[in-house]
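Accompanying notes for the structure given below.
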2 protein chains.
Amino acid sequence: MEIQISRESTIPLHLQLLNQLRHRILSGHWPPGSRLPSETMLQRRLGISRSTVRQALHRAESEGLIERVPGKGTFVARQPGGPPNSRLIGYITFDFLSDFQRQLLRGAEDRARSRGYRILFCNSNRDVAEEDRLLEQLLADQVRGILIWPALDNRPSRRLFHLAQQCRVPLVLMDRTLPGLRCDHVSSDNYGGAYAAVSHLIELGHRRIAFLSRPILQLEPVAERLRGYRAALQEAGLSPLEPWLLGAPGREMDVGYALHTYHAASSQEIQELMRRLDRPDRPTAIFAMNDLMATQALKAAALVGLQVPEDLSLVGFDDMDIARHLEVPLTTVAQDTFALGQRAAEFLVERLEGYPGPPRREVLPTQLRIRASTGPARAVERTRAPGPLVEKAQCTPCQGFTNS
Amino acid sequence: MEIQISRESTIPLHLQLLNQLRHRILSGHWPPGSRLPSETMLQRRLGISRSTVRQALHRAESEGLIERVPGKGTFVARQPGGPPNSRLIGYITFDFLSDFQRQLLRGAEDRARSRGYRILFCNSNRDVAEEDRLLEQLLADQVRGILIWPALDNRPSRRLFHLAQQCRVPLVLMDRTLPGLRCDHVSSDNYGGAYAAVSHLIELGHRRIAFLSRPILQLEPVAERLRGYRAALQEAGLSPLEPWLLGAPGREMDVGYALHTYHAASSQEIQELMRRLDRPDRPTAIFAMNDLMATQALKAAALVGLQVPEDLSLVGFDDMDIARHLEVPLTTVAQDTFALGQRAAEFLVERLEGYPGPPRREVLPTQLRIRASTGPARAVERTRAPGPLVEKAQCTPCQGFTNS
DNA sequence: GGATGGTACCTGTACGTACAGGTTGATCCC
DNA sequence: GGGATCAACCTGTACGTACAGGTACCATCC
């Protein structure tokens, strides 16, 4: 198990060395008090200059990992864990309005606590400037790593990119990625969940299936759901419809407003839905971006006299609490948000213990929960537009998990 | 007062520079946030190499004296002198399963952040031993104060009592009190909310009103709701019924289990409810301890053929998300949990800033939200058992607030 | 007036050299 | 055998160069 340094990596040489030293020391591979190879030894073995080796060693020393004795050599510190108050993990979320976020935090806290870390919780409230300030403060609070569900903004000026590049503290992105930000990432299988949901509808004989969303298609999870919707339809030889976008338009640089209306049920949107449902060429099924929008569709359907699922099938996403308590219990795609948080914390702790590899990505399975809001398409329509039936709703293999 | 470097000194050049930087910064001669001369500037002015300058600056950085920003320059740290006065607040909750707890945390974080503090979030998972460990760790993490929603247990051995007695860090209790624990406390007006809810039912002509709960009457908030229920009935000259307790019995020392079943809807309980509702002497209205139990009552009513609100009125508590999305939108009592968290953080910050007085208690108003699940009692029953009508539903005066 | 591009400046990264002064252990001399 | 000596090796100090990539500012052009 030699130390490996890659010239191709974007991570600076001295940080590569530092990370691997940290890994060996914290994992116990090099026991406390043992002697490290000398600077010239490392220099020769790794093919880098002594200055670079020294840079890594100095950092390791200031982290309390090693002790250097002039004339004698370099040694693993007796207590390589460092000062006791440094077992903090920063946690930043762009928002804390939904149950989804509660589950995520609960999962992260659960796993962090079991590994001896505590969570420093911050809410950026969709404000990138606030997020920058919070990142700074977390560094000042001496956090060892940061879990972040970032606000939306790709400007490279934001502190997040700088941190990711510097590699001073490891980062783990939750739920969404940002273009150009290279670090560990966990998310749910939004694509697979949408694919399974729409396949389920196709299997029931539906041919005209609408995708209902707010105008926030640039959000990665929503984009993935749209992709899954389209893929399922196209593989069945059906045509995706133009997405139904309700609510205020999503502005390029100010997604904050779109997110703000994310949870608000405005009557204007119900009106618009009623108009779209009260037409002869209406779809026979709707796949909604989330349960709240599905709820709005349910209301609009009732108002124009459509029965669910007899006249209109509905599928939501997220399996929120309300899904099973609606008048017509909602078929929906569940995410294991708790596990998502746990996995994020695991990724981070592994980095803190020195895991050296390139950025990892984990996509957790979603699960289609079939309830009363989906049923067979009307026989009339089935005979009118006979298409190939998909044999079985596909979904990433999933084990049972609950939302609470 | 120029920086002087002596080649004759036995002190290394970079240490000479570091010492003078440290002096200037800690003495306030260079104020926090101000900019240091650039590396090349120092190099020229002092006649030493850039490497040597960098050596000093790196050390100053790891001492927390300065902050370096690529592309911009080097700056005196905002808090030079290290982190002796950390701005961390510990937050312990006994549980993190409901939206209520999310709102509470969100409120506390919001106010703490605006006052310059960060929240160190921990979940004791209803385990008093774990809570003890977490309290210890928070102290080791140098928190300045602690917000806690404690697990249930009155044994004076628990760490919490020691802390309150020692007064090393201020404590604020949230939602519930513990007998014998003297410290600041915030809660909702459970009594007033229940009183308003039951008064609303009485005003509608109901005479037989049941109190539906799980066997956890020893929980202070539940006890307060029961007290409000009884007071409203008695003041109207009516008799409270024996509480309907559904689910596993609440054991004295192990409330964990009762809380565990808190959110589970078991069909056994529905069966029991159906039995109780399918009798001639059934109540005409039910005041449920929370919305989830009200939901169960709604199901049971439908199963025995009772219409809500025509045959049975229902009131819940908490105004959870599901309340307004139920088949029959639920009349319920809303708590301003966000404000509760804010107030708790305010209490704590005031203590941190030196507020000296005795323990304070704040009870935040609740708000009755009348929806479709409550209606007038049947004329038959009104004539059968005419009683004095209460003039107006009383409630602590409240301003509008939302749950999201 | 506002986007655009150039330029100066800043820190980060990485390489190299040279010498000082301490520790260690083998060797040599008395 | 015991002490002095020396070479090998270690880290510390100090110098130098070169380039990359970011920020900030200003002049320019449309």
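Chain letters run A, B, ... following the sequence lines, proteins first and then strands; every chain starts at 1.
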- Item | Geometric cation-pi criterion B:R68 and B:F75, 6.0 Å radius, 45° cone | no

- Query: Does NZ or CZ of A:R227 lie under 6.0 Å from the centre of the six-membered ring of A:Y191, at an angle within 45° of the ring axis?
  - Reply: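 Satisfied, under 6.0 Å and within 45°.
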
To the nearest Å, how far apart are [X] [atom1] and [N] [atom2]?
X: B:R44; N: D:dG16; atom1: CZ; atom2: P; value: 13 Å
X: A:R54; N: C:dT13; atom1: CZ; atom2: C1'; value: 16 Å
X: A:Q16; N: C:dA14; atom1: CD; atom2: P; value: 8 Å
X: B:L42; N: D:dA14; atom1: CG; atom2: P; value: 15 Å
X: A:H58; N: D:dC10; atom1: NE2; atom2: P; value: 16 Å
X: A:E67; N: D:dG12; atom1: CD; atom2: P; value: 12 Å
X: A:L13; N: D:dC19; atom1: CG; atom2: P; value: 18 Å
X: A:M41; N: D:dC10; atom1: CE; atom2: C1'; value: 12 Å

Candidate nucleotides [options], ranked by approach to the side chain of [X] - the nearest:
X: B:P12; options: C:dC15, D:dT13, D:dA18; value: D:dT13
X: B:R50; options: C:dG12, D:dG12, C:dC15; value: C:dG12
X: B:S51; options: D:dG16, C:dC15, D:dT11; value: D:dG16
X: B:S49; options: D:dC15, D:dT13, C:dA14; value: D:dC15
X: A:T74; options: D:dT13, C:dG12, D:dT11; value: D:dT11

Under 4.0 Å between a Lys/Arg side-chain N and an Asp/Glu carboxylate O for [X] and [Y]?
X: A:R50; Y: A:E39; value: yes
X: B:R118; Y: B:E109; value: no
X: A:D184; Y: A:R351; value: yes

- Task: Check the angle between the aromatic planes of A:F94 and A:W149 and answer parallel, tilted or perpendicular using the 30° and 60° thresholds.
- Result: perpendicular

- Side-chain N,O (A:K72) to OP1/OP2 (D:dT11) below 4.0 Å: no

- Message: Using heavy-atom distances to pick each residue's nearest nucleotide on DNA chain D, tell me which of B:Q55 and B:Q43 is more 5'.
- Response: B:Q55

- Task: Taking the six-membered ring for Trp and the full ring for Phe, Tyr or His, determine whether the centres of B:Y91 and A:F121 are under 6.0 Å apart.
- Result: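 Ring-ring flag for B:Y91/A:F121: false, centres at least 6.0 Å apart.
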
By the 4.0 Å heavy-atom rule, please label [X] as base, sugar-phosphate, or nothing.
X: A:I48; answer: sugar-phosphate
X: B:L57; answer: nothing
X: A:T52; answer: sugar-phosphate

Expected rows: protein N/O vs nucleotides 6-9 of chain D N/O, under 3.5 Å:
none

- Message: Is a donor from one side chain sitting under 3.5 angstrom from an acceptor on the other, for A:N125 and A:E130?
- Response: no

